[in-house]
Q: 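Quick one: this structure, given as structure tokens, is what I'll be asking you about.
The basis for the numbers below is simple: all heavy atoms, side chains too, and nothing from hydrogens, waters or symmetry mates.
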Amino acid sequence: MAFLMKSMLSNQVKNLGLGGGGEESKEESTPSDPAAAAGMTREEYEEYQKQMVEEKMERDAAFAQKKAERACLRVHLREKYRLPKSELDENQIQMAGDDVGLPEDLQKMVAEDQVEEEDKDSILGQLQNLQNMDMDAIKEKAQATFTEMKQAAEQKCCVM
């Protein structure tokens, strides 16, 4: 209580311009303890610091998990489209642990894609693709390619 009264009175005296309490303000304005600078006791400050460290660790863990999920998705897409593997993605998955998998919504999408691809790979799927083909366009392309090859051969060969 005495501290509160002293600080209030010294601030009022300073505002009047009488210059009282100038030396005390220099000592009080530069506290060496960070807890005092934050307006907390030492125990409160330590607890606050501990909470900050725990929150940072939780955020970092969640971020690493999200990065690993994205890496898992990229690995899956690389396998699907037969693209070269990436060491960076594999390292991110290993850092997050073995419990990394695709998120549920992406797993549903992947399952739907696999069903569609299995349908296309079946005999019935191939027959449906044959029905959708434009045979006239294919025949014209084949004839054009054959005539181009014949002309190229005639230009290179004197006998023809």
Q: What distance separates Arg78 CZ from Lys85 NZ, expressed to the nearest 0.5 Å?
A: 11.0 Å
Q: Can you tell me if Lys108 has over 12 outside heavy atoms packed within less than 6.0 Å of its NZ?
A: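 Count not over threshold, so no.
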Q: Is Met95 linked to Met57 within one hydrophobic cluster, defined over Ile, Leu, Val, Met, Phe, Trp and Tyr using a side-chain heavy-atom separation of less than 4.5 Å?
A: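 Met95 and Met57: separate clusters.
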Q: In Å, rounded to the nearest 0.5 Å, how long is the span from CD of Glu154 to CD of Gln151?
A: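 With rounding to 0.5 Å, CD (Glu154) is 7.0 Å from CD (Gln151).
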Q: With Tyr45, which of Gln49, Arg42, Glu47 fulfils side-chain hydrogen bond (donor to acceptor under 3.5 Å, both in side chains)?
A: Gln49
Q: Hydrophobic side-chain clustering at under 4.5 Å (ILVMFWY, transitive links): who's grouped with Met149? Put none if nobody.
A: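 So far as hydrophobic clustering goes, Met149 is joined with none.
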Q: For the side chain of Gln51 and the backbone of Tyr48, is there at least one donor-acceptor N/O pair under 3.5 Å apart?
A: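 Judged by distance alone, no pair lies under 3.5 Å.
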Q: Give the cluster check for Leu83 versus Leu73: same hydrophobic cluster or not, with ILVMFWY residues linked at side-chain heavy-atom distances below 4.5 Å.
A: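 Yes, Leu83 and Leu73 fall within the same hydrophobic cluster.
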Q: Apart from Phe63 itself, what residues make up its hydrophobic cluster, given side-chain heavy atom links below 4.5 Å?
A: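 Reading the cluster by chain and number, Phe63 sits alone, since nothing else belongs.
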Q: State, to 0.1 Å, how close Gln92 and Ala68 come at their nearest heavy-atom pair, and which atoms those are.
A: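 Closest pair (atom of Gln92, atom of Ala68, distance): O-CB, 3.8 Å.
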Q: Drop me the distance from Leu77's CG to Arg82's CZ, to the nearest 0.5 angstrom.
A: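 Answer rounded to 0.5 Å: 13.5 Å.
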Q: Show me the pairs that pass side chain to side chain donor-acceptor pair (under 3.5 Å) and involve residues 59-73, at least two apart or across chains.
A: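 Passing the test, one end in residues 59-73: Lys56-Asp60.
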Q: Please walk me through it: do Ser86 and Arg74 pass side-chain contact (heavy atoms from CB on, under 4.5 Å)?
A: CA-CA 9 Å; Ser86 172; Arg74 287 191 297 269; over 6 Å; no
